[in-house]
Amino acid sequence: MNENGNDLISIQDLRVHFKIGGGLFKETKYVKAVDGVSLDIKKGETLGLVGESGCGKSTLGKAILRLTEPTGGQVFYNGKDLAHLGAREMREQRKNLQMIFQDPYASLNPRMTVGQIIGEPIRTFGLKNGKSIEERVQDLMETVGMSRRFVKRYPHEFSGGQRQRIGIARALAVDPEFIVADEPISALDVSIQAQIMNLMERLQAEKNLTYLFISHDLRAVRHLSDRVAVMYLGKIVELAGGKEVYREPLMPYTIALISAVPVPDPEIEAKRERIILKGDVPSPINPPSGCPFHTRCPYAIEDCKRIVPKLVEIKPKHYAACIRINPEKPHIEENSKEGLGAIGAGV
Amino acid sequence: MSETNGKILSVKDLKTYFQTEDGVVKAVDGITFELEKGETLGIVGESGSGKSVTNLSVMRLIPEPPGKIVSGDIVFNGIDVRKLSINEVRGIRGKRMAMIFQDPMTSLNPFLKISTQLMEVTRLHLGHSKKEAYDHAIKMLKTVGIPDAESRVDSYPHEFSGGMRQRVMIAMALSCDPELLIADEPTTALDVTIQAQILELIKDLRTRMGTSVILITHDLGVVAGMTDKIIVMYAGKVFEQAPTAELFATPANPYTKGLLKSVPDPAHEEGTELYQIPGLPPDVAHLPPGCPFAERCYRAEDICRRDFPPFVQINANHHSLCHFAQEVYAESVAESENGKTANIQMKINE
Ligand SMILES: Nc1ncnc2c1ncn2[C@@H]1O[C@H](COP(=O)(O)OP(=O)(O)OP(=O)(O)O)[C@@H](O)[C@H]1O
Ligand SMILES: Nc1ncnc2c1ncn2[C@@H]1O[C@H](COP(=O)(O)OP(=O)(O)OP(=O)(O)O)[C@@H](O)[C@H]1O
Ligand code: SF4
Ligand SMILES: [Mg+2]
Ligand SMILES: [Mg+2]
């Protein structure tokens, strides 16, 4: 899928395996946080990234920006292989590649004021100086819905959502080309969420920004994303247009994910049915054989335990990794007799 | 102040202020609410409106200085929380009342293993031996859905994903079966399937132990499904208070209406902007006279900018802080009768 000329980022077979344990008495194990991801992100698009907690979304986002060193694979930015850039060249690219971190508090220096935090990248890249930095910082604060009076306050003096907005302002400060936005709106009330999403869309329209938008909020993902990638245990298992993936999810995992979204209506909430996935979430240390989802999939058959499904184009521009679906039969028929359904549903 | 008839927590006219360079931040400014045994209260509202500070005050976790509970009553099970010594508070906190903190990294020690941190709680409160505490720690991690808990229990917080850290917090808060559970954005970092699992866990604690729950969340879908009643906060004040179904169906406050309207609607097509409440959130260190929402309110008139609004009783359990509470309520009733309720039905797959 990477013959396209307008790809800003092209990821090939990216892997990040973390070593854990070790030491005298424990055997060394590896957490396969990202395990062979290939993806292209087009210039000016928003690619949504969703998936279970711990499936590797943040690690993927950081590995793309080389904030975490990949243990395998490649990332091309505008055709340049980021892994082969020297420290100085990489630093130059940093200006174009920004991240909004998931854990705002951990990513803000507690000894710096908000003004210093947001101003730092502007200073580092020598984009502005003196008074004009200050102005830029205060403008940014208002852009993310914070009073400019807060500029002298320290991170601990803010609420969770206020800290999150400091992180957003910092990422926007240098006018980047590509932003990995890792749960950028999770701590915000819905009105400020709307404000930030509107801001992201406006900046995209004005400056042709490209986003990798990581979020558990499927409504927000649907609203913002041109395409959505669904991740499970370090792998991309479905990739489709932003609306398409909700209208017609193909992978059993995606179907379950979408059925679990809470609805802000007490009456509907009382009556609705969710597909709650039963069974333990498998471990990325010892991922299941075959299809990583087979231990919880209501449609799994014997073959699912053996065959690693590939991401195939099932419908035009709609990819899924499941051996039970193919372009001729894009939907799994009700569970056949040979189904292992009990494995998923019973436990 | 009799706490007999099933009341587990009563907070009356609570004020918690912070001293900053830029003046006094009135983070919580006169909050009143009650919680019955087994009941779940939802707290929603503007980011920065004082939701966390209210609950940190109940837990006596306000850093002093710069913070201070300047007035009000906090009564937990007949105990006057404000009068307790630090040692007495430690005996209750984590055991009889527990809190899931909004920001896991501020409450997990980055230098200690997850196991050590979980064991501390049960060794202190349940008198567990080292072995018991270790096993319990693994069991709790499994309960909150951490795969391969045996291999992961000795990890450090930075080796966990955002949602895994949040679940460590949840495991910690649930480990002693508390009577009062305060959950501050417990599921923001969790995907919907694990969120559903955690919410089931909280419901189960409620039925099994009669635990009362305060659930702070921005997710209106979660409050809709989990709570009996809701308070809506804005600028350190309770703007509206009502039973859950009633708040969604017929809100009596313009801020609440704006909040309900801001949720993305699937019918909403590309290219159109999401509704957002106009203007900036207030700066609680420098509030204007009158209603703190006036600058942003569609309904505001001169009186709103001049006088602080009354807390109007709509019916026995429904109150709204607004000069035009009755009118706004009537408007909502009319809308809901016309079937075009502000509360959008948001089936994700229309
Ligand atoms: N240590 C502190 N020093 C000064 N101000 C503080 C401090 N802690 C909180 N505040 C301020 O108190 C107000 C209320 O904060 P609080 O954390 O309760 O908000 P919240 O409603 O929980 O918001 P969010 O939804 O963003 O978490 C905010 O304006 C915040 O900036
Ligand atoms: N520094 C590290 N050392 C060891 N393991 C790590 C490290 N960072 C992440 N992991 C592990 O990698 C896996 C993926 O983590 P990651 O943070 O990418 O998940 P995520 O999809 O972002 O989850 P969440 O939605 O909860 O934020 C997890 O099992 C996590 O414990
Ligand atoms: S490959 Fe098998 S186990 Fe995996 S999703 Fe498809 S049916 Fe389920
Ligand atoms: Mg993450
Ligand atoms: Mg908070």
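Below, read A as the first sequence line, B as the second, and so on, with proteins coming before strands; counting in each chain starts at 1. Worth saying up front: this structure is predicted, and the values here are computed from it rather than measured.
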inquiry  = Quick check on B:Phe111: does its CZ atom have over 12 non-hydrogen neighbours (other residues, nucleotides or ligands) under 6.0 Å away?
reply    = no
ask   = Nearest 0.5 Å, what's the CG-CD1 distance between A:Asp189 and B:Ile277?
value = 7.0 Å
message = Just so I understand: if I count every heavy-atom pair under 4.5 Å between each of A:Pro104, A:Gly145, A:Ser147 and chain B, which residue has the most?
response = A:Gly145
request  = Measure the spacing between CZ of B:Arg296 and OG of A:Ser191 and express it to the nearest 0.5 Å.
outcome  = 5.5 Å
task = Could you tell me whether A:Glu142 atom CD has more than 12 heavy atoms of other residues or ligands within 6.0 Å of it?
result = yes
inquiry  = I need the minimum non-hydrogen distance between B:Ser262 and A:Ala194, along with the two atoms involved.
reply    = O-CB, 4.1 Å
ask   = Which residues pass the salt bridge (charged side-chain N to carboxylate O under 4.0 Å, His left out) test with B:Glu159, sequence neighbours left out?
value = none
ask   = So which part of B:Val44 gets closer than 4.5 Å to some heavy atom of chain A, the side chain, the backbone, both or neither?
value = neither
ask   = Should we count CD of A:Gln204 as having more than 12 external heavy atoms under 6.0 Å?
value = yes
query = What part of B:Ile194 is in contact with chain A, defined as an atom under 4.5 angstrom from a non-hydrogen atom: side chain, backbone, both or neither?
reply = side chain
ask   = How close do A:Ile20 and B:Ser151 get, heavy atom to heavy atom, and via which atoms?
value = CD1-O, 4.2 Å
message = Taking A:Ser53's backbone N and O only, do any of them form a donor-acceptor pair with B:Asp191's side chain (distance below 3.5 Å, no angle check)?
response = yes
message = For a quick test of reading the model, state the closest non-hydrogen atom pair linking A:Gln195 to B:Gln276 and the distance between them.
response = CA-OE1, 3.2 Å
task = Please look at A:Val31 and chain B and tell me whether the side chain, the backbone, both or neither of the residue comes under 4.5 angstrom of a heavy atom of that chain.
result = side chain
key: Residue A:Ser159 versus chain B: region with a heavy atom under 4.5 Å   = side chain
remark   = Rounding to 0.5 Å, atoms OG (A:Ser186) and NE2 (B:His218) come to a distance of 9.0 Å
inquiry  = Under 4.5 Å from any heavy atom of chain B, what part of A:Pro284 do you find: side chain, backbone, both or neither?
reply    = side chain
note = Scanning both residues in full, the closest heavy-atom pair of B:Val192 with A:Leu257 reads CG2-O, 3.1 Å
ask   = Among B:Gly279, B:Gly67, B:Ser161, B:Ala285, which has the most heavy-atom pairs under 4.5 Å with chain A?
value = B:Ser161
Nearest heavy-atom neighbours spanning B:Glu46 and A:Ile192 = OE2-CD1, 3.7 Å
ask   = Which one of B:Gly50, B:Ala189, B:Gly145, B:Gly258 has the most heavy-atom pairs closer than 4.5 Å to chain A?
value = B:Ala189
Counterpart residues, ring-ring contact (aromatic ring centres under 6.0 Å, His included), relative to B:Phe293 (two or more places apart) = B:Tyr234, B:Tyr255
request  = Below 4.5 Å from any heavy atom of chain A, which atoms of B:His158 appear? Answer side chain, backbone, both or neither.
outcome  = neither
key: Inter-residue atom distance A:Phe150.CZ - B:Thr20.OG1, 0.5 Å rounding   = 9.0 Å
query = Minimum heavy-atom separation for A:Gln162 to B:Ser47, with atom names?
reply = N-OG, 3.6 Å
inquiry  = Just verifying a value: how many Å separate A:Gln102 CD and B:Thr188 OG1, rounded to the nearest 0.5 Å?
reply    = 8.5 Å
key: Inter-residue atom distance A:His216.NE2 - B:Asp219.CG, 0.5 Å rounding   = 12.5 Å
inquiry  = Heavy-atom pairs under 4.5 Å with chain A: which of B:Arg152, B:Gln166, B:Glu185 has the most?
reply    = B:Arg152
ask   = More than 12 heavy atoms of other residues, nucleotides or ligands under 6.0 Å from NZ of B:Lys229: is that the case?
value = yes
ask   = Between B:Ala149 and chain A, which part of the residue has a heavy atom less than 4.5 Å away: side chain, backbone, both or neither?
value = neither
